[in-house]
Amino acid sequence: MVLHRMARSGIRLGTLVERAAARYPANVLVLDHDLDVAPDLGRRTTVAELADLVADLASRLWAAGVRPGDRVVIYKSNSLDITLLAFAAARAGAVPVLLSAQLDGGTVLQLLRRADRPFLVTDREKLDRELPPPVFDEAEQVLVVRGSYPRAIGLESLAGAERIAPVVTAPHRPALITHTSGTTGVPKLAVHTGVTQQIRYLLQVSALTPVVPRRETIAIHASFVHSRMISVLAIALLRGLPMLVLADEDPERAAEHFARMRPGIVEAHPNSFMAWEPLADDPRRPFANVKLFSSTFDALHPRTVHRMLAASRRRAPLFGQMYGQTETGPVVCRGFTRHRSRHADGRCVGFPFVGTTAVRVVSRDGRPPSARTPGFIEVRSKAHFVTYLGEQERHDGQFSADGWWRTGDVGYRTRWGCVHLLDREVDVIEDFGSTLDAEDRLLTGIADLTEVVIVRGADGLPVPVVCTKDDRPLDQAAWRAVAAALPPMTPPVHWREEELPKTATMKIKRFELARILAERQSTA
């Protein structure tokens with residue numbers, strides 16, 4: 001297959017921005033934040049300036065002792081320079097290990113140990129507020145991006161270091177390490193190669209090109225430590241798409257940027273699109289020029305898709321959705337148009353990529369998988385990661401005897417082959433049906449809901465945790481009307497949205513939410 005031949009050279013992270021600058025040096029990148037590694041660069045820069053910054057950062061890392069094959073853990077306050085530092089580490093021949101700024105210091109310490117004496121790039125805020133002192137013993141060297149810190153090397157002091165030539169890493173060697181969502185405990189470290197990352201990039205290019213054939217401005221709000229950020233930046237850089245990169249999903253601030261730059265493509269997390277639903281009615285029409293809304297991390301609620309598409313003034317806007325995992329990359333894909341009913345089944349996540357991914361659903365109880373008896377979703381993907389760092393047995397144990405990867409999700413496939421995602425295996429509430437489907441129905445039927453998460457209570461009963469616009473009291477009559485058509489649940493528990501525990505990609509940590517809920521109920 002042509003795609004696989006194109007993937008043989010690997011994604012070459014260390015020269016990605018440099019290659020883009022050779023083709024589109026004046027292409028523009030706009031940020032909603034300052035870069036900690038280059039605060040003087042400003043919030044509007046060119047790809048040529050970005051390439052120079054990556055080369056400079058790589059030279060500073062080299063001057064600090066980083067060498068080919070070393071692991072460089074990047075754990076700092078949230079900013080695009082997390083991704084730029086990853087490119088710089090790759091340029092020096094090292095393997096970047098990206099850790100979310102939302103991880104607590106104790107978890108980071110465990111992951112540092114798993115990375116086996118890596119270099120640690122961080123900042124003073126993380127050292128003062130999060131990281132425990134033992135990190136200095138577990139790291140080969142601690143580097144701070146700005147200023148100085150006892151026992152650490154300041155990267156700022158190494159500015160102007162002699163430039164190094166990019167180090168070429170073999171395509172099948174580890175090129176990037178990211179962590180899993182950690183929704184049920186300490187995250188795992190997933191090892192990707194240049195080839196697996198390149199296949200992920202090519203899959204997403206193949207899905208994007210027919211839909212948006214011309215150069216459109218792309219707005220990106222995605223986790224800076226997720227492999228998806230690497231892919232979407234590669235698409236934008238190598239196609240010369242003007243970029244708006246947001247670190248903050250705040251609807252008002254996002255609307256200001258969208259109204260000014262008029263993006264034709266918007267890439268974001270499902271929860272970010274949910275947060276932006278009110279912008280569909282904003283008089284500035286921030287989504288008026290959007291041709292493609294894109295999300296890769298999870299299935300979206302039909303109400304959210306409907307509102308985004310209705311906010312576009314383009315002739316035939318599309319909402320592109322990919323389902324996959326950190327471990328597999330995108331596995332299935334589907335597009336939605338304005339013709340999709342807001343009451344449509346939101347659990348249909350799409351179809352596999354022919355020749356690259358495959359999906360099967362295996363019975364959990366001896367009965368054929370269906371909407372009432374979902375089975376285990378298992379996949380095969382040529383973009384599959386290599387292993388969990390330091391946990392090879394755990395990696396191997398997730399394969400079936402005949403070589404299929406068990407995702408941990410449950411669902412079924414229709415007679416036409418569409419994959420329906422119903423729940424995470426650990427979140428299944430027996431005799432309830434799909435919690436995700438129930439949440440879709442509640443969100444569609446009750447306008448004031450901004451989030452609803454159904455978890456298993458301490459007594460085993462399903463407990464809906466709800467959030468509302470401006471924390472207004474829940475409309476109990478509307479709730480009863482919609483909930484009457486759903487399996488029995490306990491009365492809803494009203495929380496503020498900022499109380500919900502979330503992952504780096506803004507997924508709700510359902511296991512953690514259930515734990516906190518049980519603790520609150522036991523002390524009530």
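Index from 1, following the sequence.
Between D34 and R43, at least one side-chain N (NZ, or NE/NH1/NH2) sits under 4.0 Å from a carboxylate O, which counts as a salt bridge. Under the 4.0 Å criterion applied to side-chain N and carboxylate O atoms, D36 and K76 are assigned as salt-bridge partners. E256 and R253 are not joined by a salt bridge, as no carboxylate oxygen comes within less than 4.0 angstrom of a charged side-chain nitrogen. Using a cut-off of 4.0 Å between Lys/Arg side-chain N and Asp/Glu carboxylate O, E391 and R114 are scored as salt-bridged. Here D52 pairs with R163 in a salt bridge; the nearest charged N to carboxylate O distance falls below 4.0 Å. Look at R129 and D123 and you find no salt bridge, because none of the NZ, NE, NH1 or NH2 atoms lies under 4.0 Å from a carboxylate O.
Under the 3.5 Å distance criterion, the side-chain polar atoms of T328 are left unmatched by any main-chain donor or acceptor of G324. Within the 3.5 Å criterion, the main-chain N or O of T357 finds no donor-acceptor partner in the side chain of S381. Looking only at distances, a side-chain donor or acceptor of H33 sits under 3.5 Å from a matching main-chain atom of L80. A donor-acceptor pair under 3.5 Å links the side-chain atoms of H269 to the main chain of S223, judged by distance alone. Of the possible polar contacts, none joining the D248 side chain to the A254 backbone as a donor-acceptor pair under 3.5 Å is found. Side-chain atoms of R71 come within 3.5 Å of backbone atoms of A115 as a donor-acceptor pair (strictly under, hydrogens ignored). Proximity of a side-chain donor or acceptor of H172 to a complementary backbone N or O of V195 within less than 3.5 Å is not detected. At least one donor-acceptor pair closer than 3.5 Å links the side chain of K126 to the backbone N or O of A101. Judged by distance alone, the side chain of T407 and the main-chain N or O of I377 form a donor-acceptor pair under 3.5 Å. In this structure, H179 contributes its side chain and S100 its backbone to a donor-acceptor pair below 3.5 Å.
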Test log, rule side-chain contact (heavy atoms from CB on, under 4.5 Å), inputs L112 and Y75: CA-CA 10 Å; L112 274 176; Y75 170 70; over 6 Å; no

Derivation and outcome, side-chain contact (heavy atoms from CB on, under 4.5 Å), residues L103 and L111: CA-CA 10 Å; L103 295 177; L111 297 179; 4.0 Å; yes

Check against side-chain contact (heavy atoms from CB on, under 4.5 Å), H192 and T326: CA-CA 9 Å; H192 315 275; T326 298; 4.2 Å; yes

Test side-chain contact (heavy atoms from CB on, under 4.5 Å) applied to E451 and I508, step by step: CA-CA 10 Å; E451 183 63 275; I508 306 300; 4.1 Å; yes

Residues R520, E499; criterion salt bridge (Lys or Arg N to Asp or Glu O under 4.0 Å); working and verdict: CA-CA 13 Å; R520 292 188 180 186; E499 293 181 286; 3.1 Å; yes

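Residues S59 and E162 form no side-chain contact, since every pair of their non-hydrogen atoms from C-beta on lies 4.5 Å or further apart. The shortest distance between side-chain heavy atoms of T83 and V245 does not fall below 4.5 Å. A heavy-atom distance below 4.5 Å is not found between the side chains of V142 and R151. Annotation: side chain of L189 is in contact with side chain of L99 (closest heavy-atom distance under 4.5 Å). L98 places none of its side-chain heavy atoms less than 4.5 Å from the side chain of M229.
A side chain to side chain donor-acceptor pair (under 3.5 Å) with T387 is found for one member of R394, E393, Q392 and no other, namely Q392.
A cation-pi arrangement, defined by a distance under 6.0 Å to the six-membered ring centre and an angle within 45 degrees of its axis, is present between R406 and F376. A cation-pi arrangement is not found for R380 relative to W405, the charged atom failing to lie both closer than 6.0 Å to the ring centre and inside a 45° cone about the ring normal.
Contact record, D104 with E130: CA-OE1, 3.6 Å, taken as the closest heavy-atom pair. Scanning both residues, L85 and L61, for their nearest heavy atoms gives O-CD1, 4.4 Å. Heavy-atom minimum distance, L279 versus A255: CD2-CB, 3.7 Å. T15 and P166 get closest at one heavy-atom pair: CG2-CB, 3.7 Å. Shown here for A92 and V66, the closest heavy-atom pair between the two residues is CB-CG1, 4.5 Å. Taking every heavy atom of both residues into account, A247 and F224 meet most closely at CB-CE1, 3.9 Å.
Separating the CG atom in L241 from the CG atom in N27 is a distance of 7.0 Å, to the nearest 0.5 Å. Considering CD of E512 and CG of L500, their distance stands at 11.5 Å, rounded to 0.5 Å. Distance check, rounded to the nearest 0.5 Å: CG of L176 to CZ of F87 gives 9.0 Å. In this structure, the separation between CG on L41 and CG on D81 is 10.5 Å, given to the nearest 0.5 Å. With rounding to the nearest 0.5 Å, the separation of OG in S295 from CD in E267 is 6.5 Å.
In this pair, F273 and W276 present their aromatic rings perpendicular. The plane angle is above 60°, beyond the 30 to 60° band.
Aromatic ring centroids of F399 and H384 lie under 6.0 Å apart.
With no hydrogens or angles considered, no side-chain donor-acceptor pair links T180 and E327 at under 3.5 Å.
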